[in-house]
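Note that this is a predicted model, so its numbers are computed, not measured. Convention: sequence-line order gives letters A, B, ...; per-chain numbering from 1.
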2 protein chains.
Amino acid sequence: MLIQQHIRVTVDAVVFGYSAKQGISVLLIKRKIPPHIFKWALPGGFVHNDESFEDGIKRELREEAGITINYLEQLYTFGAPERDPRGRIISIAYYALVDPSNFKLAPDTDAEAAQWCPIDELPFLAFDHKEIIALAQERLRNKIRYEPIGFELLGKKFSMAELESLYTHLLGRSVDRRNFQKKILSFGFLKTLPEKQKHPQQGRPAQLYSFDEKKYHALKKEGIFFEV
Amino acid sequence: MLIQQHIRVTVDAVVFGYSAKQGISVLLIKRKIPPHIFKWALPGGFVHNDESFEDGIKRELREEAGITINYLEQLYTFGAPERDPRGRIISIAYYALVDPSNFKLAPDTDAEAAQWCPIDELPFLAFDHKEIIALAQERLRNKIRYEPIGFELLGKKFSMAELESLYTHLLGRSVDRRNFQKKILSFGFLKTLPEKQKHPQQGRPAQLYSFDEKKYHALKKEGIFFEV
DNA sequence: CCAAAAGTGTTTGTAATACACCCATGA
DNA sequence: TCATGGGTGTATTACAAACACTTTTGG
């Protein structure tokens with residue numbers, strides 16, 4: 001039984017960014033071709049015949065937004081027969097974590113505009129992209145409970161308060177400052193830097209930390225647990 | 001930029017079964033067409049143009065083995081450009097849990113033979129299927145720690161010892177019999193049946209239990225945690 | 001010296017762990 | 001009555017959770 005397939009394959013990315021002001025944001029692009037022309041959508045596009053999914057994602061993100069990715073992981077493959085009006089098009093969705101302060105958004109080819117949108121203020125989105133974001137958010141919320149991937153959303157140096165605020169946003173609830181610090185430091189994958197935060201807007205300058213990837217990977221091998 | 005895609009899409013399933021004698025097994029089929037003719041492989045095949053992935057999986061499993069699925073979940077999509085000698089063929093992998101005592105394997109169309117193979121005694125497998133099984137096993141091991149999907153591998157009635165033995169196999173370590181029972185019963189989603197195991201080979205007959213899906217789903221909504 | 005945010009320890013409750021003897025059955 | 005596997009309770013330990021005052025800085 002040989003059936004001629006007409007299925008096309010896209011990759012789409014849910015790119016998460018974090019800033020103290022806006023909280024968790026997602027990168028959206030405004031479509032400049034049909035279908036759903038001028039609607040907001042996830043960055044992504046058709047996979048080339050000879051490239052891996054990850055290469056495809058990175059190419060699209062370069063083309064559409066010019067960003068630097070800290071973490072990239074496959075999320076889920078969406079393939080409902082009616083999800084795209086152009087015919088059978090499946091989407092292999094990835095999610096990515098970036099530090100938005102690291103670069104300026106620079107839309108290039110397929111997208112009219114690339115923009116950060118706070119996760120709680122999403123506009124109407126093309127295709128099933130809202131569903132994809134919802135799944136990515138759930139995955140992220142689960143994942144940070146047993147792997148410290150939250151660090152990928154921060155810059156190289158950060159204060160304990162910034163880290164705590166990030167987790168507060170990710171978990172959707174507040175945590176006790178003292179218990180949080182105790183727990184995080186007990187893992188031993190934070191380096192205490194010999195410098196303090198410069199020019200706080202108000203109050204005492206905070207100790208700065210950085211993430212020690214070497215120590216983290218050593219810990220990870222013996223199985224980490226990370227409930228905060 | 002329009003690029004003509006030539007990517008074909010398959011679905012493959014890692015079907016887990018459990019028996020007291022063999023432990024955790026995976027369903028394999030012997031290929032009767034090239035490539036990798038006469039090699040063992042995962043059940044699966046090309047997705048039809050108008051069917052969902054899950055429908056495709058179920059159709060393939062019906063055709064190739066005639067089995068009844070208790071649990072089915074998407075695992076990962078494999079798409080390395082060189083993973084199939086026929087060209088660019090990606091595989092959307094699912095994993096499934098079944099109760100093997102529930103049916104007899106009945107190979108039909110594409111497969112010469114369908115057979116259970118203990119997870120620790122896998123033969124050479126076609127394509128990247130060994131990698132797929134490894135990922136499925138890891139996922140299963142993680143998942144049973146926060147959701148009681150292990151029950152899908154058992155029959156309707158089971159003794160505490162059978163359940164414990166299942167978890168021992170899944171987790172790859174032994175657990176304390178008393179603590180295990182205490183923990184499991186404390187969740188309250190087991191029904192104590194008014195009957196005992198008949199004709200034990202030796203020793204005292206065991207109390208039988210069944211899984212109470214209603215209570216489980218109620219619990220699940222308020223977030224279950226299940227470390228054993 | 002005042003406002004603002006950072007830093008820090010102790011107590012209490014709860015859940016995980018470790019551990020050993022008696023019970024019911026079939027041969 | 002013996003061998004085999006099933007059933008059960010308690011003490012200890014470790015970790016999570018709750019909680020408030022002092023310190024440093026800039027204005």
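- A ring-ring contact (aromatic ring centres under 6.0 Å, His included) with A/F158 is found for exactly one of A/F151, A/F211, A/Y167, namely A/F151.
- By the neighbour-count criterion of 12 heavy atoms within 6.0 Å, atom CD of A/Q201 is sparsely surrounded, having that number or fewer from other residues, nucleotides or ligands.
- The separation between B/R145 atom CZ and C/dA16 atom P is 13 Å, rounded to whole Å.
- Between B/V15 and B/V26, every side-chain heavy-atom pair lies at or beyond the 4.5 Å cut-off.
- Each of B/G203 and B/K183 has a nearest nucleotide on DNA chain C; the 5'-most of these lies closest to B/K183.
- Screening B/L140, B/L27, B/I133 for a side chain to side chain contact (heavy atoms under 4.5 Å, CB included) involving B/V14 leaves a single residue, B/I133.
- Reading DNA chain D from its 5' end, the first and the last nucleotide to sit under 4.0 Å from a heavy atom of chain A are D/dA16 to D/dT25.
- The structure places OG of B/S174 at 12.0 Å from CZ of B/F180, a figure rounded to the nearest 0.5 Å.
- With hydrogens and angles disregarded, no donor-acceptor distance shorter than 3.5 Å links the side chain of B/E60 to the backbone of B/D12.
- Looking at B/K130, its side chain does come within 3.5 Å of a backbone N or O of B/P123 through a donor-acceptor pair.
- Here the side chain of A/T10 pairs no donor or acceptor atom with the backbone of A/I92 at under 3.5 angstrom.
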Below 3.5 Å is the cut-off: list the nitrogen or oxygen pairs between protein and nucleotides 7-9 of chain C, distance only.
| from | atom 1 | to | atom 2 | distance (Å) |
| --- | --- | --- | --- | --- |
| C/dG7 | OP1 | A/Q207 | N | 2.8 |
| C/dG7 | N7 | A/R177 | NH1 | 2.6 |
| C/dG7 | O6 | A/R177 | NH2 | 3.1 |

